[in-house]
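All chains are named by letter (A, B, ...) in the order of the sequence lines, taking the proteins before the strands, and each is independently numbered beginning at 1.
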2 protein chains.
Amino acid sequence: MKRKGIFILADGLGDRPIKELGGKTPLEYANTPNLDRLAKTGICGMQDPIFPGQPAGSDTAHLSILGYDPYKTYRGRGYYEALGAGIDVREDDIAFRVNFATYENGLIVDRRAGRIATEEAHELAKAIQEQVKLPVEFIFKGATSHRAVLVLRGLAKGYRVGENDPHEAGKPPHEFTYEDEESKRTAEILDEFVRKAHEVLEKHPINEKRRKEGKPVANYLLIRGAGTAPDIPKKFPEQWKVKAGAIVAVALVGGVLKAVGFELIPVNGITGEYDTNEITKAKAAVKALEEYDFVFVHFKPTDAAGHDGNAMKKVEMIEKLDRLVGYILDNVNLEKTVITLTGDHSTPCEVKNHSGDPVPLVIAGGGVRTDDVEAIGERQCAKGGLGRIRSKYIVPIMMDLMGRAEKYGA
Amino acid sequence: MKRKGIFILADGLGDRPIKELGGKTPLEYANTPNLDRLAKTGICGMQDPIFPGQPAGSDTAHLSILGYDPYKTYRGRGYYEALGAGIDVREDDIAFRVNFATYENGLIVDRRAGRIATEEAHELAKAIQEQVKLPVEFIFKGATSHRAVLVLRGLAKGYRVGENDPHEAGKPPHEFTYEDEESKRTAEILDEFVRKAHEVLEKHPINEKRRKEGKPVANYLLIRGAGTAPDIPKKFPEQWKVKAGAIVAVALVGGVLKAVGFELIPVNGITGEYDTNEITKAKAAVKALEEYDFVFVHFKPTDAAGHDGNAMKKVEMIEKLDRLVGYILDNVNLEKTVITLTGDHSTPCEVKNHSGDPVPLVIAGGGVRTDDVEAIGERQCAKGGLGRIRSKYIVPIMMDLMGRAEKYGA
């Protein structure tokens with residue numbers, strides 16, 4: 001029987017026991033009738049994004065979860081950021097993640113220029129694109145808030161460059177380092193770009209206005225995360241012979257999905273922030289299932305709460321996720337669908353960053369062997385029938401249940 | 001302490017929950033006092049034949065279960081079929097699986113020639129061997145029912161050939177495809193063989209008789225599954241320093257066992273079909289344990305029931321298996337023996353083919369750490385003390401318990 005698949009990924013889902021929550025994790029503590037229903041009807045387990053104990057980035061974790069070895073395919077985050085921002089990045093381009101920042105007397109005083117509004121940042125980016133001239137073609141584009149991406153055409157071979165981001169306010173920007181002759185040229189062009197952009201930004205009307213209003217000016221660019229095209233042996237839709245679509249608000253993750261061959265399904269009202277509309281997202285996922293065989297749904301704010309170290313906010317975001325899952329469970333034919341829920345990695349509130357803890361995993365729907373797990377949670381899932389597996393096997397397991405795996409041998 | 005080992009492999013054992021069985025799998029549903037006894041006295045777990053989610057063939061699964069990487073060693077099924085049929089296949093031969101089929105007005109109307117009786121097929125095969133002349137030496141031999149094997153001497157390098165089997169009645173036979181010059185020659189010889197065999201079969205008295213009786217004639221050959229010798233680095237008896245014997249009725253599986261160095265122990269009354277005599281097989285296994293250190297017992301009909309999508313038949317076959325295991329448990333010294341029971345893969349009734357679901361595994365006997373599992377079953381074994389392992393580790397675990405593993409390091 002051929003089935004369809006929904007992969008619900010809650011970013012940074014896993015956590016560690018938190019005193020404030022009576023020693024429970026946010027996932028164990030939250031009120032989650034729908035996630036519990038999923039766990040009860042499905043089979044549970046724990047998955048390691050890369051290998052036990054190894055913290056993964058969102059990009060490397062997604063590569064791995066989609067079945068690609070991150071150590072063989074990953075070439076830096078900038079490429080995915082640029083793809084996710086809608087830039088047509090080419091094989092021989094190099095791409096970077098950029099922050100608008102505030103520069104005063106030789107020091108970076110705010111690494112995010114007061115989290116400048118998206119519209120203002122886009123206006124500034126446009127000015128830079130128009131007024132800066134470089135010896136190579138470039139694309140510079142605002143993303144959300146202080147975030148932007150830079151693509152330098154034809155410099156992929158010079159990818160061994162450092163960054164100018166000091167990663168701390170009150171410090172001067174770093175010099176761009178480089179590891180070989182080709183990367184030296186990239187470093188020089190980055191220098192020139194930062195200098196010329198600074199000139200454009202300093203005198204831009206938006207910054208004059210911000211200065212008058214006492215807001216941090218966006219007069220400097222911090223550049224990091226050099227990335228080139230990953231080495232993807234066979235794209236997802238080709239490998240599995242499925243039409244694959246993704247609903248995702250975050251540029252980095254959207255970029256990874258696009259790089260491995262997913263179509264990005266545009267949905268209004270999803271933000272990747274705490275205020276994202278989970279029911280809009282759930283409806284879009286159910287609708288996408290009509291057209292696509294495999295739908296990937298990315299839910300970001302669980303990760304954001306972990307990075308903020310805010311346990312109660314993470315509980316709140318998990319309850320938002322619970323409503324998303326509830327809508328999907330109520331509106332798909334479970335016998336004809338395989339639903340997976342997991343995270344790309346753990347982002348424990350105590351760490352405020354990604355950790356190497358394994359991540360709870362549930363697979364439910366047609367054909368699934370169940371187990372005794374009755375509720376979602378780190379400790380519950382560790383007792384589940386799937387055992388502890390590597391994230392790279394999740395998609396093969398789903399495709400097998402979906403009747404789309406090919407036998408090896410006779 | 002040196003112990004002996006019995007490996008009982010129930011083909012296609014694993015399954016998925018089945019409505020007709022109240023949501024249980026056939027293994028969970030069947031009345032299996034002896035398998036439960038085995039699970040209770042032993043240690044349980046789940047094993048993945050290749051990796052989680054990857055459906056395995058019987059040949060690749062057996063290679064893997066015997067400790068050989070199928071991706072490095074496997075070179076197609078035909079070789080094992082031929083070995084299992086008792087042909088002395090050489091390194092530079094190429095072998096094929098063949099069906100006697102019924103051909104009318106350019107179409108294959110029955111891919112199995114009415115499942116022609118073994119004796120008739122053997123007679124027809126003999127006529128082909130005697131009357132067909134080819135530019136290379138060949139061996140053509142009937143197996144069971146409509147099945148036969150073909151070996152072409154010295155053509156191993158031209159192994160990149162397709163098949164002429166349309167895999168569906170009512171279609172014309174395919175042309176043999178090829179991927180390189182050496183394989184082109186193989187394809188041409190196959191063409192010539194099929195044409196000349198057709199002439200011999202058309203006018204053969206057996207077919208004249210079948211025609212008169214209104215039975216489908218066996219007047220055509222469908223050829224598929226090109227295979228050459230696998231690349232076995234070290235044969236099983238050498239690697240483990242054991243005398244290894246196998247009791248198996250199925251040519252394909254017998255071929256794999258022979259290829260890795262097992263002696264095939266001939267036993268009368270075992271058929272590989274639903275009617276196989278399980279007590280005869282069990283007695284032969286117990287007896288073989290006197291002469292051999294490691295005895296592999298293959299039980300086929302569980303797989304056949306899965307392929308037929310017949311849940312109650314699978315239950316019945318598992319109860320047959322239960323009697324086989326009961327006899328063995330009652331007649332070996334458990335302290336001096338290590339008994340393993342598992343499948344080569346799952347063949348769920350809902351899939352009617354091999355799936356990538358993991359397979360229940362029990363290891364019992366001397367030295368084994370037990371666990372809390374009290375009865376056999378997919379869900380029970382998933383809670384067992386062995387956890388979830390790859391099939392390639394089963395033999396090393398057995399050999400370790402058998403006192404035959406070598407320490408690595410000091």
Side-chain angles (χ1 to χ4, degrees), chain A residues 1-3 5 7 40-48 52 65-67 69 239-240 334-336 338 340 358 361 363-373 380-410, chain B residues 14-19 23-25 28 45-46 48-64 70-71 74 76-78 80-81 97 224-225 227 252-253 256 344-346 348 350-358 360 377-384 386-389:
Chain A
M1 184 194 293
K2 283 215 172 174
R3 299 186 170 105
F7 195 128
K40 195 170 176 169
T41 58
I43 188 166
C44 300
M46 294 302 272
Q47 56 97 348
D48 288 290
I65 275 172
L66 295 165
D69 182 341
Q239 188 177 352
W240 298 107
L334 262 185
E335 184 45 44
K336 293 190 179 162
V338 176
T340 290
L361 164 68
I363 301 179
V368 169
R369 293 176 187 161
T370 55
D371 55 23
D372 295 340
V373 179
Q380 289 83 344
C381 284
K383 288 188 264 183
L386 281 172
R388 183 172 185 163
I389 61 170
R390 299 291 170 86
S391 75
K392 66 179 170 182
Y393 297 123
I394 299 172
V395 167
I397 291 171
M398 287 182 76
M399 292 297 177
D400 181 49
L401 290 162
M402 288 164 62
R404 293 159 196 269
E406 275 177 32
K407 184 162 66 178
Y408 176 59
Chain B
D15 213 298
R16 294 177 181 173
I18 296 174
K19 271 196 189 136
K24 291 188 173 184
T25 68
E28 292 163 0
M46 294 302 271
D48 289 290
I50 297 184
F51 60 77
Q54 174 61 53
S58 280
D59 41 16
T60 49
H62 274 84
L63 278 172
S64 186
Y71 291 105
Y74 186 59
R77 79 181 286 177
Y80 305 106
E81 298 269 3
R97 164 80 188 268
R224 61 194 163 107
L252 178 66
V253 174
V256 175
D344 52 348
H345 50 72
S346 296
E350 82 151 32
V351 181
K352 294 184 183 176
N353 206 335
H354 308 178
S355 76
D357 297 288
E378 282 80 353
R379 278 167 274 209
Q380 288 85 345
C381 284
K383 289 188 265 183
L386 280 173
R388 182 173 187 163
I389 63 170

ask   = Taking every heavy-atom pair that is under 4.5 Å apart, which of Gly367(A), Gly387(A), Gly403(A) has the most such pairs with chain B?
value = Gly367(A)
key: Selection from Gly384(A), Ala405(A), Gly366(A), Gly409(A) maximising heavy-atom pairs under 4.5 Å formed with chain B   = Gly409(A)
ask   = In terms of heavy-atom proximity below 4.5 Å to chain B, should Val368(A) be classed as side chain, backbone, both, or neither?
value = backbone
task = Look at the rings of Tyr408(A) and Tyr74(B) and say which category their plane angle falls in: under 30° parallel, 30 to 60° tilted, over 60° perpendicular.
result = perpendicular
Does any backbone or side-chain atom of [X] lie under 4.5 Å from a heavy atom of chain A? Answer side chain, backbone, both or neither.
| X | answer |
| --- | --- |
| Ser346(B) | side chain |
| Tyr80(B) | neither |
| Leu63(B) | neither |
| Asp357(B) | both |

ask   = Run the side-chain contact (heavy atoms from CB on, under 4.5 Å) check on Leu401(A) and Arg16(B) step by step: do they pass?
value = CA-CA 10 Å; Leu401(A) 290 162; Arg16(B) 294 177 181 173; 3.7 Å; yes
note = Rounding to 0.5 Å, atoms CG (Asp371(A)) and CD (Glu378(B)) come to a distance of 13.0 Å
request  = Report, as yes or no, whether the 6.0 Å neighbourhood of atom NZ on Lys40(A) holds more than 12 heavy atoms from other residues, nucleotides or ligands.
outcome  = no
ask   = Which heavy-atom pair separates Pro52(B) from Pro396(A) by the least distance, and what is that distance?
value = O-CB, 3.6 Å
ask   = So, for Gln54(B) and Glu406(A), which heavy atoms are closest and what is the spacing to 0.1 Å?
value = NE2-O, 2.8 Å
task = Please test Met46(B) against Arg369(A) for side-chain contact (heavy atoms from CB on, under 4.5 Å), starting from the C-alpha separation and ending with a verdict.
result = CA-CA 13 Å; Met46(B) 294 302 271; Arg369(A) 293 176 187 161; 3.1 Å; yes
message = Let's test your reading of the structure: which of Pro55(B), Ala382(B), Gly76(B) forms the most heavy-atom pairs below 4.5 Å with chain A?
response = Pro55(B)
request  = Quick one: which of Pro49(B), Pro358(B), Pro348(B) has the most heavy-atom pairs under 4.5 Å with chain A, could you say?
outcome  = Pro358(B)
key: Under 3.5 Å donor-acceptor, Asp59(B) side chain and Ala410(A) backbone   = yes
inquiry  = What I'd like to find out is whether the side chain of Arg388(B) reaches to under 4.5 Å of the side chain of Leu386(A), using heavy atoms alone.
reply    = yes
